[in-house]
Protein chains: 2
Amino acid sequence: MTTARRASNPRPATLERRREILRAALEIFGSKGYNNGPLVEIAEQVDMTHAGILHHFGSKDRLLVEVLRYRDEADVEGIEGQHIPDGTELFRHLVRTAFANEERPGIVQAYAVLSAESVTDGNPGREYFEQRYTQLRSEVAQAFRVMCEERGIDAPATIDRASASVLAVMDGLQVQWLLDRGNVELAETSAFAIEAIVTAVLDPRPSPLGPDAP
Amino acid sequence: MTTARRASNPRPATLERRREILRAALEIFGSKGYNNGPLVEIAEQVDMTHAGILHHFGSKDRLLVEVLRYRDEADVEGIEGQHIPDGTELFRHLVRTAFANEERPGIVQAYAVLSAESVTDGNPGREYFEQRYTQLRSEVAQAFRVMCEERGIDAPATIDRASASVLAVMDGLQVQWLLDRGNVELAETSAFAIEAIVTAVLDPRPSPLGPDAP
DNA sequence: ATTTAGTTACTGACAGCACAGTAAGTTACC
DNA sequence: GGTAACTTACTGTGCTGTCAGTAACTAAAT
């Protein structure tokens, strides 16, 4: 089949070269979207022809998937000691991430654009994002459970909803922030919302909107 | 110049025809994205050639802008009596919208995809979404102020952040829901998060995450 | 009421580019 | 000398936009 470069021995410099390509691809896909981001532009950013890129990654689809995976790895390496923070620490970590993100709009945009694009027909990134959100939700849920335990309260049924909500605010704020950086404070707003949601889980109060309203 | 059809008299049936096109365009753009959604597909859905569509809208860019505007109008007409709900009623309205959205994934997807796509370079929908969010944020902020007044409390500084947060959760949840409908409850989760945020505004409590953490 | 003139709503054909992918050849490593 | 890392050159397709033409409608003139 077309499966070239399987086991074989890539040259030492090659790995770094591929990483360059992945970085460039993330930048282009981030700023122009996947469908609208041509291989040629990625190529010229690493001083290559687009055929060279296809040599390394086989197809544009596969390139996207690898870009996504690569970012994940890079992020994980960023976390000291590799350990997933637990309980309170995870939420603090999320807030810190929001602060850090204000310094890297490129990456923020890449995730915002690519995650939304992934829900479209036949998008090669869909599976990645599906799994990513599932994983993240469960990590957040776990943090909630730990916090409940620490406080000696039973884990409420709202945990799953809260977990999805926490991720949702962060993502949604990113879009608003990208559209209007002058008027949206990404980090502070994320912190506010996360605190609101965590509070609602740990210490629920009656709805200010009256009885449930479907 | 190319500015034909200026003042003159469009045929009576034409308006309805254009609306058909706008509906079809929303569907295609929604399911495949703007860049990835070809005119031909929109055309065949209304039994026309793509040239016919360009006759009506001039360019694909302009079609997108009109699609967005059209949805807005359609939504506004949907609200009984045209009045913008105030105070508590606005939040109840948002929750109801979330419930309603569960029955129309197409529209939800269109907004999710197009709003994120709009932050990319040169996207013709950008201005629309910029204005839309600005407007929505100010409506939500106004509702907060009304609620504060009703309760005889001073409007806190958190209102702007809360407003952005409310919209952000709703949007972010939509993406997660579109990716994994089996595991994300769009409406209930929106309700939960909105209540959490409203509560945090009206009746703030110390952060469960400890002192502010930048 | 019918012609006339003009406009609108298209179709069909095509220009023309942009893009992903392929195949064959070239260089340089190991 | 074999294979990895390319380039050049090319193919084929997909897509937006243009253009000329046509049929149907509308308005005014006769």
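Labels below follow one simple rule: chain letters A, B, ... track the order of the sequence lines, proteins then strands, and each chain is numbered from 1.
Note that the two end axes of the helix from C:dA1-D:dT30 to C:dC30-D:dG1 enclose an angle of 0°, each drawn from 5 base pairs, rounded to 10 degrees.
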Please tabulate, one pair per line, all N/O donor-acceptor pairs under 3.5 Å involving side-chain atoms of residues 97-116 of chain A, not counting sequence neighbours.
| unit_1 | atom_1 | unit_2 | atom_2 | d |
| --- | --- | --- | --- | --- |
| A:Thr97 | OG1 | A:His93 | O | 2.8 |
| A:Asn101 | OD1 | A:Arg104 | NE | 2.9 |
| A:Asn101 | OD1 | A:Arg104 | NH2 | 3.0 |
| A:Glu102 | OE2 | A:Leu186 | N | 3.3 |
| A:Gln109 | NE2 | A:Gly30 | O | 3.1 |
| A:Gln109 | NE2 | B:Val119 | O | 3.2 |
| A:Tyr111 | OH | A:Tyr128 | OH | 3.3 |
| A:Ser115 | OG | A:Tyr111 | O | 2.8 |
| A:Ser115 | OG | A:Ala112 | O | 3.2 |

For residues 165-176 of chain B, dump all side-chain donor-acceptor pairs below 3.5 Å to protein atoms at least two apart in sequence or in another chain.
| unit_1 | atom_1 | unit_2 | atom_2 | d |
| --- | --- | --- | --- | --- |
| B:Ser165 | OG | B:Arg161 | O | 2.7 |
| B:Asp171 | OD2 | B:Tyr133 | OH | 2.5 |
| B:Gln176 | OE1 | A:Arg137 | NH1 | 2.8 |
| B:Gln176 | NE2 | A:Ala164 | O | 3.1 |

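Taking atom CZ of residue B:Arg62 and atom P of nucleotide D:dG17, one finds them 9 Å apart after rounding to whole Å. At whole-Å resolution of the value, CG in A:Leu15 and C1' in D:dA5 are 14 Å apart. Rounded to whole Å, atom C1' of D:dT8 lies 17 Å from atom CD of A:Glu44. Atoms CG (B:Leu54) and P (C:dA15) sit 18 Å apart, rounded to a whole Å. Distance A:Phe57 CZ to C:dA20 P: 15 Å, rounded to the nearest Å. Counting to the nearest Å, the P atom of C:dA20 and the NZ atom of A:Lys60 are 4 Å from each other. A:Glu20 has its CD atom 14 Å from the P atom of D:dA5, to the nearest Å.
The side chain to side chain donor-acceptor pair (under 3.5 Å) search around A:Arg71 returns A:Asp75, not counting sequence neighbours. In terms of the salt bridge (Lys or Arg N to Asp or Glu O under 4.0 Å) criterion, residue partners of B:Glu130 (sequence neighbours excluded) are, by chain and number, B:Arg126. A:Glu44 meets the salt bridge (Lys or Arg N to Asp or Glu O under 4.0 Å) test with no other residue; sequence neighbours excluded. Looking at residues two or more places apart in sequence or on another chain, you find a side chain to side chain donor-acceptor pair (under 3.5 Å) between A:Asp61 and A:Tyr34. Residues passing the side chain to side chain donor-acceptor pair (under 3.5 Å) test with A:Arg17, sequence neighbours excluded: A:Glu20. Scored by the side-chain contact (heavy atoms from CB on, under 4.5 Å) test, B:Ala191 finds B:Val95 as partners (sequence neighbours excluded).
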N/O-N/O pairs, protein side and nucleotides 10-14 of chain C side, under 3.5 Å:
| unit_1 | atom_1 | unit_2 | atom_2 | d |
| --- | --- | --- | --- | --- |
| C:dC10 | OP2 | B:His56 | NE2 | 2.8 |
| C:dT11 | OP2 | B:Thr49 | N | 2.9 |
| C:dT11 | OP2 | B:Thr49 | OG1 | 2.7 |

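Side-chain polar atoms of A:Gln142 and A:Arg145 form a donor-acceptor pair below 3.5 angstrom.
Every pair passing salt bridge (charged side-chain N to carboxylate O under 4.0 Å, His left out) that includes a residue from residues 24-40 of chain B is listed here, sequence neighbours excluded: B:Lys32-B:Glu41.
Atom CZ of B:Arg69 has 12 or fewer heavy atoms from other residues, nucleotides or ligands within 6.0 Å.
Proximity of residues 31-39 of chain B to DNA chain D (heavy atom under 4.0 angstrom from any strand atom) is restricted to B:Gly37, B:Pro38, B:Leu39.
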